[in-house]
Protein chains: 4
Amino acid sequence: MRADAARNRTRVLQVAREQLAAGDDSLQLNAIARLAGVGVGTVYRHFPNRHALREALSAERFRELVDEAQAAAADVDALAGLRRLLRFTLARALDDSGFASVLESANDAEAQTSALKAELDLAVAHLLDRARGLGAVRRDIEADDVRRLLCGVEHALRSGACDPTRTEVYLDVLLEGLRPPR
Amino acid sequence: MRADAARNRTRVLQVAREQLAAGDDSLQLNAIARLAGVGVGTVYRHFPNRHALREALSAERFRELVDEAQAAAADVDALAGLRRLLRFTLARALDDSGFASVLESANDAEAQTSALKAELDLAVAHLLDRARGLGAVRRDIEADDVRRLLCGVEHALRSGACDPTRTEVYLDVLLEGLRPPR
Amino acid sequence: MRADAARNRTRVLQVAREQLAAGDDSLQLNAIARLAGVGVGTVYRHFPNRHALREALSAERFRELVDEAQAAAADVDALAGLRRLLRFTLARALDDSGFASVLESANDAEAQTSALKAELDLAVAHLLDRARGLGAVRRDIEADDVRRLLCGVEHALRSGACDPTRTEVYLDVLLEGLRPPR
Amino acid sequence: MRADAARNRTRVLQVAREQLAAGDDSLQLNAIARLAGVGVGTVYRHFPNRHALREALSAERFRELVDEAQAAAADVDALAGLRRLLRFTLARALDDSGFASVLESANDAEAQTSALKAELDLAVAHLLDRARGLGAVRRDIEADDVRRLLCGVEHALRSGACDPTRTEVYLDVLLEGLRPPR
DNA sequence: CATGAATGAGCTTTCATTCAT
DNA sequence: GATGAATGAAAGCTCATTCAT
């Protein structure tokens with residue numbers, strides 16, 4: 001990538017982050033372009049739509065999530081690792097709706113996002129396999145399902161007053177639900 | 001309500017339904033007004049925003065859901081009733097995203113919707129109470145939680161290819177998750 | 001027209017005039033909207049394109065031209081009237097390129113412009129008829145031709161350094177050319 | 001000029017001609033570059049703007065016009081030569097708006113164009129001188145004026161439905177107008 | 001209360017031009 | 001000199017919402 005393009009890309013991401021920090025989730029590409037001192041065309045070239053921008057904004061945190069998942073997969077106690085990973089992911093998704101939407105979307109704008117998602121699902125698949133060995137996870141659930149269900153829980157938590165006790169309860173419901181039926 | 005007002009309201013709802021049936025979920029108030037041969041202002045008077053319109057469109061089906069919930073609450077087998085009710089609700093929400101959004105929203109536009117929701121939650125509360133007596137539902141879950149979690153599951157199902165087997169699995173995960181932890 | 005619409009229309013025209021006075025012939029609808037404190041949509045609603053705006057800006061001066069043409073048609077000396085009218089029109093067209101483009105265009109955006117043009121051509125037709133009676137105008141030339149040829153002369157004058165003596169010469173060439181061939 | 005530069009220049013001109021032949025008068029430098037398999041920068045190096053490209057595209061036909069003018073200047077019947085030359089030029093300008101714009105412009109992009117124009121004006125000046133001797137052209141008209149007035153006539157013909165009879169009439173008006181006033 | 005023209009913010013595309021490589 | 005990705009100004013459309021009539 002050309003140096004000036006990289007510079008502009010960085011400025012755009014920086015401004016977008018400032019907007020989010022200021023409590024504006026709308027990520028209006030026009031406004032961002034103006035604030036970044038850049039033409040709209042430049043923003044659209046780098047990020048063809050809002051979702052692509054969200055993906056770029058989430059890339060770093062997604063990388064961290066993948067690391068976390070890999071650590072969890074290597075945990076001695078698979079069940080504890082699973083619980084910790086889901087709690088970690090849920091907290092992050094609740095904190096950052098952009099991140100949640102990237103995690104949930106079935107249509108990635110950037111190949112890098114799909115790659116990260118694949119890496120995540122791979123680590124989670126290992127984790128699930130080991131947990132299954134302990135009788136802690138049912139047979140008909142894959143990494144993909146866990147990701148989707150977790151986003152569902154995040155959704156359920158968002159729809160209503162933010163109540164920290166609900167977070168723990170819903171997370172527990174999910175973990176119990178993942179166990180093989182009695 | 002004046003006779004012409006009632007007529008207009010009916011026409012608007014009818015056109016909105018036609019639009020949805022034609023596969024257009026956008027419910028653009030301008031377009032609906034035009035197709036209904038009515039001013040935009042008239043549409044806005046009856047339905048201050050898209051969500052209010054969705055509520056009106058869902059009222060009938062919501063009423064049916066409440067009936068179903070009351071029947072389930074009266075079922076001899078509370079657990080079977082719960083499962084049947086959740087499956088019924090999920091099917092409806094998956095079939096009709098407007099209905100799903102009304103079911104999920106914490107901010108009702110119309111008092112009637114809130115009333116229906118209260119009636120629903122009341123019936124579900126009874127059902128849960130009885131199920132709890134059978135050891136089939138954990139203590140820290142209310143009717144409200146069930147509604148939100150079900151919407152979460154609906155969300156999880158939507159995010160990805162429509163796969164009927166997933167519907168049953170996710171529903172099962174939810175029901176298992178609702179049971180008291182082992 | 002609604003009072004607010006009329007107000008906005010007026011403001012837009014006023015700003016457009018200011019822009020022209022400031023030497024900016026580009027008539028950018030976005031810029032005008034901004035300066036007029038009005039949305040772009042409003043400008044586009046009133047004036048679907050730049051040409052429509054030019055027509056509106058020229059309406060008054062076009063009306064004056066029609067009056068002048070009617071006066072010329074009533075002149076005792078038809079030939080003098082014709083010469084005076086052509087000189088008047090040419091001066092105006094050279095002074096105001098927007099006016100010239102409205103005068104020349106075959107595709108009017110507003111019906112009012114077409115009406116004015118018809119009125120102009122009617123007056124000129126009378127004038128030509130009388131001049132023909134004096135042997136001062138050839139048979140195969142209509143009012144429409146005179147208007148187009150005058151715009152051609154304006155064009156010829158514009159293409160090159162502005163030289164007042166050329167104006168008189170070219171005008172004379174046109175008037176001599178309109179006479180019946182010897 | 002380097003061999004590859006010459007090759008590129010040729011390819012660009014060829015593609016531009018194909019575009020014009022296909023009815024696209026916009027001569028978009030980006031599109032032409034793409035179709036020519038060449039960078040935009042290369043097109044801009046050869047032709048700093050659209051007008052420069054038009055001049056290059058017209059060079060050959062302009063050369064032919066100059067030849068025609070020199071032939072006319074050598075014609076025994078100066079008046080017939082003048083008429084023939086004007087008719088020839090007008091036909092060419094009407095057929096090719098790019099050619100017309102090059103003929104008309106007061107600001108040539110390429111020195112070669114200015115040279116051709118000078119050569120043209122010289123031949124026309126001779127022709128006019130001889131015609132003046134026959135009393136067929138007024139004193140206050142130069143070759144430059146004839147070129148501009150002819151472009152004016154072309155303009156007048158373009159503004160309106162294409163009507164071959166008008167071409168002859170307007171041309172006649174011009175020739176009559178060029179004669180000394182009675 | 002009904003009406004719908006009017007409003008204007010926002011979005012996205014286009015394209016002439018620049019400039020880093 | 002060649003290259004073409006990158007730039008950003010401008011254009012003009014869409015549509016939710018308002019408000020004069």
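Within every chain, numbering begins at 1; the chains are lettered A, B, ... in the order of the sequence lines, protein sequences first and strands thereafter.
Between the P atom of dG4(F) and the CG atom of Asp4(A) lies a distance of 17 Å, rounded to the nearest Å. Atom P of nucleotide dC19(E) and atom OH of Tyr44(D) are separated by 13 Å, given to the nearest angstrom. The distance from atom CG of Asp24(C) to atom P of dA10(F) is 10 Å, rounded to the nearest whole Å. Between the CZ atom of Arg9(A) and the P atom of dT7(F) there is a distance of 12 Å, rounded to whole Å. Between the C1' atom of dT13(E) and the CZ atom of Phe47(A) lies a distance of 19 Å, rounded to the nearest Å. The distance from atom CG of Asn49(D) to atom P of dT17(E) is 7 Å, rounded to the nearest whole Å. Between Arg11(B) atom CZ and dG4(E) atom P there is a gap of 12 Å when expressed in whole angstrom units. Counting to the nearest Å, the C1' atom of dC11(E) and the CZ atom of Arg34(A) are 14 Å from each other.
His46(C) has no side-chain polar atom (N or O) that falls below the 4.0 Å cut-off from OP1 or OP2 of dA6(E). Under 4.0 angstrom from either OP1 or OP2 of dA6(F) there lies no side-chain N or O belonging to Thr42(A).
Of the two residues contacting DNA chain F, namely Gly39(D) and Ser26(C), the nearest-nucleotide position lying further toward the 5' end is that of Gly39(D). Positionally, the nearest nucleotide of DNA chain F for Arg45(D) lies more toward the 5' end than for the other of Leu27(B) and Arg45(D). Each of Val40(D) and Arg7(A) was assigned the nucleotide of DNA chain E with the nearest heavy atom; the assignment lying further toward the 5' end belongs to Val40(D). Map Gly41(A) and Leu29(A) each onto its nearest nucleotide of DNA chain E; the residue landing nearer the 5' end is Leu29(A).
In summary, Glu154(A) and Arg92(A) do not engage in a salt bridge, as defined by a charged side-chain N under 4.0 Å from a carboxylate O.
If you check dA10(F), dT12(E), dA2(E) against the side chain of Gln28(C), the one that comes closest is dA10(F). Considering only side-chain atoms of Ala3(C), the nucleotide from dT21(F), dA6(F), dT13(E) that sits closest is dT21(F).
A salt bridge (charged side-chain N to carboxylate O under 4.0 Å, His left out) with Asp96(D) is found for exactly one of Arg158(D), Arg17(D), Arg61(D), namely Arg61(D). Residue Val12(C) forms a side chain to side chain contact (heavy atoms under 4.5 Å, CB included) with just one option from Ile32(C), Thr42(C), Leu35(C), and that option is Ile32(C).
Side-chain N or O atoms of Arg11(C) include none that pairs as donor or acceptor with a backbone N or O of Gly37(C) at under 3.5 Å.
Using the Watson-Crick or G-U wobble rule with both distances under 3.5 Å, dT7(E) pairs with dA16(F). Remark: dT14(E) base-pairs with dA9(F); criterion is Watson-Crick or G-U wobble with both hydrogen-bond distances under 3.5 Å.
Here Asn30(B) lies in heavy-atom contact (under 4.0 Å) with a base. Here Arg50(B) lies in heavy-atom contact (under 4.0 Å) with sugar-phosphate atoms only. Nucleic acid contact class of Asn8(D) (heavy atoms, under 4.0 Å, all strands): sugar-phosphate only. Contacts of Arg2(C) with the nucleic acid, taken as non-hydrogen atoms under 4.0 Å apart, include base atoms.
Classified by interplanar angle (parallel below 30°, tilted 30° to 60°, perpendicular above 60°), the ring pair Phe99(B)/Phe62(B) is tilted.
Between the CD atom of Gln28(B) and the CZ atom of Arg50(B) there is a distance of 7.5 Å, given to the nearest 0.5 Å.
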